[in-house]
Amino acid sequence: MPGCFKKTLFTLASLISFVSFILIVVAMGTPKWMTGKILCKTGADLVNATDPELVKFIGEIYYGLFRGGKIRQCGLGGRRSKFTIFPHMVKKLNTGLHVMIIMFLCVAIFFSLVSFGFCILNAIKVPYRAINGPAGACLWNFLAGGFVVLAVTSFMAAVKLHHLTERIANFRENVFRFIILEERFEDCFWICVASATAHAVNLLLIAISGIHFPKIKTKTEEVNVTAEDIMY
């Protein structure tokens, strides 16, 4: 049986792994990875809109990995619309990169659950095989956190290098052209960052569990036996 200190650390690590699993699932299913403001360039150019008038041509957009929505402002009032990434819009995006982001997160979900199981195992007993012990728990946490980092980095690359927001904003827009005025990473993106951080914390907890603290020894008083004690 593991010691009380080690059992507490691995129980905490298993809880963090499960929380990380929940965070990734929630992030994948929520359409709020990115929000921004979009300017209807075509409409603004048609009326030669100046700075005070540009407000009538500035709309909003938000999207996640699977769906999103936008408000088009082209001078005639806001028009709301919703869209889905699959199956049509993904053809206009960087398909390989977008699918990789989803795959990275799915693999991270799997390794988060494996990490949860291994931490529970180490909290209950001391495994005979090294791969089932702290070394294995470290490996699965490292892989889970690493794949989340890959997903987050790939999404940033899609937004900044491949102009993901602009491509989505101009999807099926045959008359008007939209340009991006502002982009903000939203809660779901930062939830994934928190998930990767959680696995880093787990690695620290597992490392601490392997530290052998010195035991405190109490000094025993020496008994002096004299000749008089022997006589009595």
Side-chain angles (χ1 to χ4, degrees), residues 22-109 146-197:
I22 296 296
L23 290 177
I24 300 172
V25 172
V26 170
M28 289 185 68
T30 308
K32 274 292 181 77
W33 279 62
M34 177 69 69
T35 60
K37 292 184 178 181
I38 54 176
L39 172 66
C40 182
K41 181 68 173 173
T42 307
D45 290 343
L46 283 174
V47 298
N48 293 323
T50 57
D51 288 341
E53 298 171 337
L54 284 178
V55 179
K56 298 179 181 179
F57 298 92
I58 297 176
E60 297 179 359
I61 187 171
Y62 68 90
Y63 60 90
L65 298 179
F66 299 99
R67 63 188 188 277
K70 66 180 179 180
I71 302 175
R72 299 166 73 256
Q73 293 275 11
C74 294
L76 300 175
R79 293 180 58 187
R80 296 178 179 270
S81 62
K82 293 184 178 181
F83 53 82
T84 56
I85 304 295
F86 294 94
H88 305 295
M89 189 178 290
V90 73
K91 297 176 182 179
K92 299 295 183 180
L93 310 180
N94 190 321
T95 307
L97 185 58
H98 197 81
V99 172
M100 279 176 57
I101 295 170
I102 297 172
M103 291 295 296
F104 286 151
L105 291 176
C106 289
V107 174
I109 287 174
F147 276 102
V148 175
V149 170
L150 286 174
V152 168
T153 305
S154 299
F155 184 77
M156 293 177 64
V159 171
K160 299 300 182 182
L161 301 180
H162 295 273
H163 310 291
L164 181 61
T165 308
E166 186 174 349
R167 292 188 182 197
I168 292 177
N170 288 285
F171 177 69
R172 288 183 177 173
E173 293 288 348
N174 300 320
V175 178
F176 298 102
R177 179 177 176 272
F178 293 87
I179 61 174
I180 309 304
L181 298 180
E182 182 182 324
E183 290 178 314
R184 295 184 305 275
F185 292 103
E186 288 296 336
D187 295 342
C188 292
F189 174 84
W190 297 113
I191 283 175
C192 285
V193 174
S195 173
T197 305

Determine the minimum heavy-atom distance between Ile71 and Gly78, stating which atoms define it.
CG2-CA, 4.1 Å

Honestly, is Lys32 close enough over Tyr62, meaning NZ or CZ under 6.0 Å from the six-membered ring centre and within 45° of the axis?
yes

Any side-chain heavy atom of Val47 sitting closer than 4.5 Å to one from Phe57?
yes

Nearest atoms (heavy-atom pairs only) where Cys192 meets Val148
O-CG1, 3.1 Å

Any carboxylate oxygen within less than 4.0 angstrom of a Lys/Arg side-chain nitrogen, looking at Glu183 and Lys37?
no

Do you know which of His162, Arg167, His163 makes side chain to side chain donor-acceptor pair (under 3.5 Å) with Asn94?
His162

With the threshold set at 4.0 Å, does a side-chain nitrogen-carboxylate oxygen contact exist between Arg80 and Glu60?
no

Would you call Leu164 and Leu93 a side-chain contact if the rule is heavy atoms closer than 4.5 Å?
yes

Report the relative orientation of the aromatic rings in Trp190 and Phe185; use parallel for angles under 30°, tilted for 30 to 60°, perpendicular for over 60°.
perpendicular

Distance (rounded to the nearest 0.5 Å) between Phe176 CZ and Cys40 SG:
5.0 Å

Report yes or no: does Thr42 contribute a side-chain atom to a donor-acceptor pair with the main-chain N or O of Arg177 at less than 3.5 Å?
yes

Assess whether a salt bridge exists between Glu173 and Lys70, defined as any Lys/Arg side-chain N lying under 4.0 Å from an Asp/Glu carboxylate O.
yes

Nearest non-hydrogen partners of Ile24 and Ala108, listed with the distance:
CD1-CB, 3.9 Å

Any Pro31 side-chain heavy atom under 4.5 Å of Tyr63 side chain
no

Can you label the angle between the Phe189 ring and the Trp33 ring as parallel, tilted or perpendicular, going by 30° and 60°?
perpendicular

Does one side chain, of Arg67 or Thr84, offer a donor that lies under 3.5 Å from an acceptor on the other?
no

